[in-house]
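Residue numbering restarts at 1 for every chain, and letters A, B, ... go by the order of the sequence lines.
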Amino acid sequence: MDEPGYFAVSRRGVLQSGAAGFAAGTVPGASVAFAAENKAGAIAVSRMPVRLEVNGEGHDLTLDTRTTLLDALREHLHMTGTKKGCDHGQCGACTVIVNGERINSCLSLAVMHEGDAITTIEGLGTPEAMHPMQAAFVKHDGYQCGYCTPGQICSAVAVLKEIAAGVPSHVTEDLGAPMQASNMEMRERMSGNICRCGAYSNIAEAMAQVAGESA
Amino acid sequence: MKYVEPVGETPIDRQRVVGRPTPRIEGPLKVTGRAHYAYERHDVVEDPLYGFVVGSAIAQGRVTGFDLAEAKAQPGVVEILTTTEMEALPLGLGNSTTLFGGDVIHHYHQAIALVVARSFEEARAAASRVRVSYARTPGHHDLASIADTAPFAKDGDKGPDVSALGDFEAAYAKAPVRIDATYTTPDESHAMMEPHATTAHWQGDKLTLWTSNQMISWGKDSIANVLGLKPENVRLDCPYLGGGFGAKLFLRADAVLAALGSKRTQRPVKVMLSRPLVFNNTTHRPATIQRLRFGADKDGRMTAFSHVCTSGNLPGGDIENGVSQSRLLYAAPNRYTAHRLAELDLPEGASMRAPGEAAGMMALEGAMDELAEALGMDPVELRIVNDTQVDPENPERKFSNRKLVECLRRGAEAFGWDARNTTPGGRREGRWLIGHGMAVGFRNSIPRKSAARVRLSGNGQVTVETDMTDIGTGTYTILAQTAAEMLGLPLEAVSVTLGDSDHPAACGSGGQWGAANSTSSVYAACVKVRETVATRLGFDPAKADFSDGSVHQGSESRPLADALGAGEIVVDESIEYGDLAEKFQQSTFAGHFVELAVDAYTGETQVRRMLACCEAGRILNPVSARSQVIGAMTMGVGAALTEELAVDTRYGFFVNHDLAGYEVPVHADIPHQEVIFLEELDPVASPMKAKGVGELGLCGVGAAVANALYNATGVRVREYPLTLDKYLDKLPAIA
Ligand code: FES
Ligand code: FES
């Protein structure tokens with residue numbers, strides 16, 4: 001954070017560009033011009049060193065502080081198993097496991113993860129030695145195009161752990177009873193991971209198999 | 001191979017590999033994150049620059065100027081390309097408006113600039129500093145307001161504008177039971193999980209695009225045409241793509257801008273459309289307004305049948321062919337079908353999974369449910385009495401194989417259809433109203449030329465090379481199964497390379513034609529490989545049997561590898577078709593059944609059970625075919641209940657342009673799904689005796705859900721999607 005220019009965007013500048021965008025969207029039938037008043041708005045890039053521990057291996061990077069964990073993995077470490085579907089926290093394709101919990105890596109800045117243990121799809125298993133959840137996805141055809149799949153699998157692995165740990169969800173019927181990996185309980189928790197190919201029914205079966213094996 | 005006569009018995013009929021449930025051969029790569037998609041080609045492209053696309057903030061008018069001073073001053077910016085620095089580029093195949101160039105804006109989020117920078121963050125930040133001035137002109141954005149005056153669409157490759165037989169009006173007027181219903185379907189978005197993406201790199205005058213595209217040869221010809229290149233100087237490579245559903249049939253702005261950006265910077269450039277751009281920048285399924293009028297005798301037989309579908313598109317754009325199935329599905333002597341096309345200044349309408357039938361059957365099969373009710377007849381029986389074995393508009397022309405009645409009977413039995421409650425709103429379980437609905441699924445099977453190379457080498461290793469794509473459909477596996485079956489080898493002996501335009505041009509992935517045609521090309525190539533092998537081994541190609549890695553004739557048997565001592569065998573071959581498709585109507589059929597629960601208090605819907613019984617010829621791989629069908633059923637639930645691009649009719653754009661606003665089904669929405677395939681072969685359709693299945697699974701599903709909602713609540717909603725606001729106040733009184 002030693003480059004103060006990063007903070008040079010004034011609040012007034014932000015409001016002005018916001019107002020110009022608003023005008024473009026709402027003035028009917030008129031010629032709309034964006035004013036480029038904020039000429040001084042060029043920013044300096046702020047870079048920070050960070051050590052990411054991914055799948056048990058440490059990586060020392062110096063990153064633009066705007067870099068998401070997702071882009072650090074994909075563009076800097078060339079670990080592209082984690083997918084970008086929306087970059088907005090709306091699809092789950094970027095799900096990774098950080099310190100045992102699943103997160104949307106597109107919604108998290110890489111520099112926030114100094115010292116965190118990050119597990120990605122590449123770390124769960126390899127084509128030759130798949131994680132049980134990966135093998136179950138292959139067996140039950142829990143995918144089609146494969147683009148949502150790494151996120152589904154990371155979520156699925158973490159969801160079963162959440163259930164085992166007794167973390168309740170919106171559909172948990174009885175908070176006092178032991179948590180079950182029921183079909184609805186799993187589906188509710190997986191609903192942040194969109195699969196447009198529509199493999200949900202098969203993913204539920206893959207998860208049920210793994211939940212049964214580990215129960 | 002020219003396919004002019006239905007084949008007799010072939011080695012495929014042994015079904016030792018083909019037709020067996022087979023996990024995807026590329027599956028382990030996908031589930032471990034080792035399959036590389038278009039934006040992820042670190043394996044072949046070093047140190048690319050990043051392009052970020054700026055979309056137009058107005059829907060119609062002109063760009064009057066750019067102020068790039070601030071954007072260019074941002075750190076990391078290498079180049080900024082603007083649309084006004086060049087003439088409008090020519091259209092690629094299937095494009096109805098230019099992808100870049102010129103100052104004219106045809107639709108919201110049309111690409112108007114590309115910022116190229118060292119990093120994604122820098123490109124994105126600088127893009128937000130590109131200042132644009134516009135002159136806005138008014139346009140037509142509201143289909144409903146101009147539908148009545150929309151002209152009949154011109155005859156095109158989707159059939160005639162108006163098709164009539166007998167005297168519809170007279171027969172309709174006389175019919176004892178009549179239905180006159182108007183349904184609407186909204187604009188929908190493909191919303192595949194991988195946004196459009198391309199990495200481009202020039203070497204001299206040769207351009208390589210690692211891109212996400214369903215139709216490699218169309219894409220290659222299109223980019224050559226758009227950029228004025230010789231096709232032989234362009235290579236496209238697409239081993240994996242993260243879904244498409246029609247959104248990636250045609251060249252899009254990501255590819256054009258990556259190529260232009262790379263040319264300008266002389267560096268590899270990669271471009272992914274940001275998710276919010278996908279909805280308005282690219283294509284969508286156009287909204288429809290459909291009027292259906294049926295006249296029937298008391299026994300349910302239709303005497304008069306009419307379906308008119310109105311849709312809108314940009315000038316030069318095509319219809320949404322909602323009447324396609326209506327010309328083929330039910331018998332009725334007096335018929336009238338037509339489509340009308342309004343000029344609408346919204347983003348480009350184009351094909352989305354099952355274009356035509358998906359929207360058309362949401363209306364048709366809803367209206368059929370209304371007719372069944374008016375007749376007091378079982379909806380399944382109504383479909384059965386109106387079944388036809390011939391093209392209703394052209395009765396000499398038979399269906400190649402039509403087992404719709406069997407699909408309905410078998411599906412109804414497996415689903416337990418007879419046990420349903422037939423009084424709308426008459427079944428309640430706790431707080432839930434329970435309803436059941438059904439609909440027919442129908443979609444044509446389309447023969448298309450397709451080519452592949454089969455290489456037999458080593459001691460019997462097979463490589464299949466083609467520019468065919470696997471969009472999640474299971475192409476890798478079915479091509480390997482086909483080669484393994486034909487050559488009597490295990491599946492593991494076959495490797496498959498897809499999506500590379502340097503390889504023979506396949507039919508591509510669209511119109512549910514991919515599986516049958518691409519496997520037929522591998523079949524045709526293997527027929528020739530077998531001839532060479534047999535001849536080299538001194539066998540009669542017509543009598544040799546290829547099994548277990550050996551070739552057998554009579555009591556003689558020799559290892560296949562013996563034929564390779566004289567060198568590898570490489571065959572390029574294609575499948576082409578004669579006039580069987582003119583002589584026979586080739587279609588696929590399904591019965592869809594749905595159980596729906598509706599919360600009696602809140603109106604919340606919950607799909608509880610879904611079943612599809614399908615006929616699509618030989619099912620090449622029951623695993624991936626079933627996945628195609630359940631995936632399509634899932635998309636059908638979205639179409640019925642939630643999916644709608646909301647049109648801002650003042651300014652002409654889709655408002656809900658992200659995955660939070662455009663609601664596709666999620667895990668919680670989709671129960672266990674059942675699929676039954678009838679064991680049928682269709683040798684008229686293809687030498688594999690297979691037809692398509694990837695779109696069949698979607699056709700009719702939306703209506704089955706809507707019919708179930710009616711059965712549950714007694715409320716008939718004819719305006720899709722069936723959101724709460726359309727029925728909540730009409731739910732039965734809570735006792
Ligand atoms: S890419 Fe992170 S949620 Fe979609
Ligand atoms: S497998 Fe394609 S989006 Fe899930």
Within-4.5 Å side-chain heavy-atom neighbours: [X] and [Y]:
| X | Y | answer |
| --- | --- | --- |
| A:K83 | B:Y37 | yes |
| B:D658 | A:H88 | no |
| B:Y39 | A:E75 | yes |
| A:Q144 | B:I471 | no |
| A:K139 | B:P23 | no |

Who are the salt bridge (Lys or Arg N to Asp or Glu O under 4.0 Å) partners of A:R102, not counting sequence neighbours?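 Expected list: A:E162.
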Choice from [options] maximising heavy atom contacts with chain B below 4.5 Å:
| options | result |
| --- | --- |
| A:G89, A:G92, A:G146, A:P127 | A:P127 |
| A:C86, A:A135, A:A204, A:P150 | A:C86 |
| A:T149, A:L124, A:V138 | A:V138 |
| A:A93, A:G192, A:A199, A:S191 | A:S191 |
| A:I203, A:N183, A:I153, A:T126 | A:T126 |

Distance under 6.0 Å and angle within 45° of ring axis: A:K84 vs B:F120: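 Geometry flag: set, cation within 6.0 Å and 45°.
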If the test is side-chain contact (heavy atoms from CB on, under 4.5 Å), which one of A:Q152, A:M133, A:H131, A:Q134 qualifies with B:V31?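 Running side-chain contact (heavy atoms from CB on, under 4.5 Å) over A:Q152, A:M133, A:H131, A:Q134 with B:V31 returns exactly one hit, A:Q134.
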A:S201 versus B:R626, closest heavy-atom pair with distance: OG-NH2, 4.2 Å
Is it the case that [X] and [Y] place a side-chain donor and acceptor less than 3.5 Å from each other?
| X | Y | value |
| --- | --- | --- |
| A:Y200 | B:Q673 | no |
| A:H78 | B:E40 | no |
| B:S274 | A:D87 | no |

B:H672 versus chain A, the contacting section by heavy-atom distance below 4.5 Å: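 Both backbone and side chain.
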Is the closest basic N to carboxylate O distance between A:R47 and B:E121 below 4.0 Å? no
CA sep, side-chain torsions, deciding dist, call: A:F137, B:K30, side chain to side chain contact (heavy atoms under 4.5 Å, CB included): CA-CA 10 Å; A:F137 267 61; B:K30 283 180 174 167; over 6 Å; no
